[in-house]
Amino acid sequence: MRVQLVDPSAFTPPYDRALAAALARAGAEVELLTSQFLYGPVPPAEGYTVEERFYRRSARRGLEAPARRAFKLAEHVPDMIGLRGAVGGADVVHYQWLTLPGLDAMLLPKSGPRLMTAHYVLPPRPSRRQVAAARRAFGRMDAVVSHSEHGAERLRAEVGLDPGRVRVIPHGAFDYLTRLPGEKPLPAQLEDASGPVVLVFGLLRPYKGIDTLLRAFRQVEGAELWVVGNPRMDVEPLHRLAGEAPGRVRFVSRFVEEAEIPAIFRRADLLVLPYRDAEHSGVLYTGLAFGKAMVLSSVGGFPEVAREGAARAVPPEDPDALAGVIAELVADEAGRAELGSAAARAASGRYSWDAVAAETLDLYRELLEPSR
């Protein structure tokens, strides 16, 4: 079976490449159509091919080039039209993202079966325009993959998709991070931690609820908190909140290289995702891969992972509830170990990439069946 995965803006290279490799291991002939990822190295192509066919001139100009977005926009429509000539030989075309969903829905090539993964369905309180754009993009697909029952229900009830076109296939755990060939040591800012470490990791954005975590941490003793990731918000208010905590709070406010991730996750005792909104998060599936005890907000598909026994769930934006669970787990090494073991089992079972690939290939075969 010939499969093309399409992510024009390279929004999720780790996901794209992990899925491509797993499909290839299962016997599919896979090609990833994407653009150059400019923020750092990406996992090597193992058993599949990659064509970086989108936004080539913008990529050559670099991240810091003036008017980068304008140049990228100028390339967008020609590149999407050019996609029509690139997908003719595939049995199945599987879109991971569309850069401009409302516009791109009208530019998609007329190929054989095509489907899309709904990595993000809609904001919590979507406008009519947002719903209409989602309906145009997802409605052009023969099937839409959701990573959770929560997302699938939103696709059916809010976007209005035919339930028969919606399929739930889990997001895989990023286990490749556990066997990187060139791991780096802990950043100097994080050395010499002596007690339990609570970690919040990833791009620092308002929706991730880091302020809620810092308010909760004012009630936690006997641990230190690491806030690690590249800021996409003003972090000065976060530093002020950190000053009110009884335990030490350390910030690594920069882009974190992939090779630095293993040491950070291995040293952490508890991973916290205090998000206000999310469908899923690559950080969650990194935590599964490293067998970490986790505390998650009850948003999006997070509670479904918690029901596997791999995490504790708390209401979003509730610092008191969050503080209670963190303090309990900081004091309970056996409880953390139990959660971590369940996370590791989930990562090697339902959330393994081989399991994800098997379900994905079953869906591809169903889509192909009417034409055979």
Side-chain heavy atoms of Thr178 within contact of Arg266, under 4.5 Å = yes
Run the ring-ring contact (aromatic ring centres under 6.0 Å, His included) check on His119 and Tyr15 step by step: do they pass?
-> CA-CA 10 Å; His119 290 278; Tyr15 180 94; 4.7 Å; yes
Look up atom CG in Leu367 and atom CZ in Arg114, then write down how far apart they are to the nearest 0.5 Å.
-> 12.0 Å
Look at Arg167 together with Glu359 and state whether they make a salt bridge at an N to O cut-off of under 4.0 Å.
-> no
Would you say the side-chain atoms of Tyr95 and Thr117 include a donor-acceptor pair closer than 3.5 Å?
-> no
Side-chain contact test, heavy atoms from C-beta onward, threshold under 4.5 Å: evaluate it for Leu199 versus Val228 and give yes or no.
-> yes
Give me the ring orientation class for His280 and His147: parallel if the planes are under 30° apart, tilted from 30 to 60°, perpendicular past 60°.
-> perpendicular
Are side-chain N/O atoms of Glu31 and Gln4 paired as donor and acceptor at under 3.5 Å?
-> yes
Any side-chain heavy atom of Tyr176 sitting closer than 4.5 Å to one from Pro14?
-> yes
Val356 vs Asp354 side-chain heavy atoms within contact, under 4.5 Å | no
Ring pair (Phe, Tyr, Trp, His ring centres under 6.0 Å), paired with Phe290, selected from Phe201, Phe265, Phe174 | Phe265
Do Tyr48 and Asp16 have side-chain N/O donor and acceptor atoms under 3.5 Å apart?
-> no
Taking NZ, NE, NH1 and NH2 as the nitrogens, is one of them in Asp79 or Arg53 under 4.0 Å from a carboxylate oxygen of the other?
-> no
Cluster companions of Leu63 among Ile, Leu, Val, Met, Phe, Trp, Tyr (side-chain spacing under 4.5 Å) | Phe37, Leu38, Tyr39, Val42, Phe255
Say whether Lys72 and Ser9, considering side chains only, have a donor N or O and an acceptor N or O under 3.5 Å apart.
-> yes
Can you say whether the rings of Tyr275 and Phe302 are parallel (under 30°), tilted (30 to 60°) or perpendicular (over 60°)?
-> tilted
With Glu260 via salt bridge (Lys or Arg N to Asp or Glu O under 4.0 Å) - residues at least two apart = Arg254
Would you call Arg218 and Asp320 a salt bridge, using N to O less than 4.0 angstrom?
-> no
Is a salt bridge present between Glu153 and Arg156, judged by a nitrogen-to-oxygen distance below 4.0 Å?
-> yes
Are any non-hydrogen side-chain atoms of Thr49 and Leu32 less than 4.5 angstrom apart?
-> no
Are Glu317 and Thr212 close enough that a side-chain donor and a side-chain acceptor fall under 3.5 Å?
-> no
Is it true that Arg154 and Glu279 make a salt bridge, defined as a side-chain N closer than 4.0 Å to a carboxylate O?
-> yes
Identify every side-chain donor-acceptor pair in residues 328-335 under 3.5 Å, counting partners at least two apart or on other chains, and give the distances.
residue: Glu328; atom: OE1; partner: Arg312; partner atom: NH2; Å: 3.3
residue: Glu328; atom: OE2; partner: Arg312; partner atom: NH1; Å: 3.2
residue: Asp332; atom: OD1; partner: Ala334; partner atom: N; Å: 3.3
residue: Asp332; atom: OD1; partner: Gly335; partner atom: N; Å: 2.9

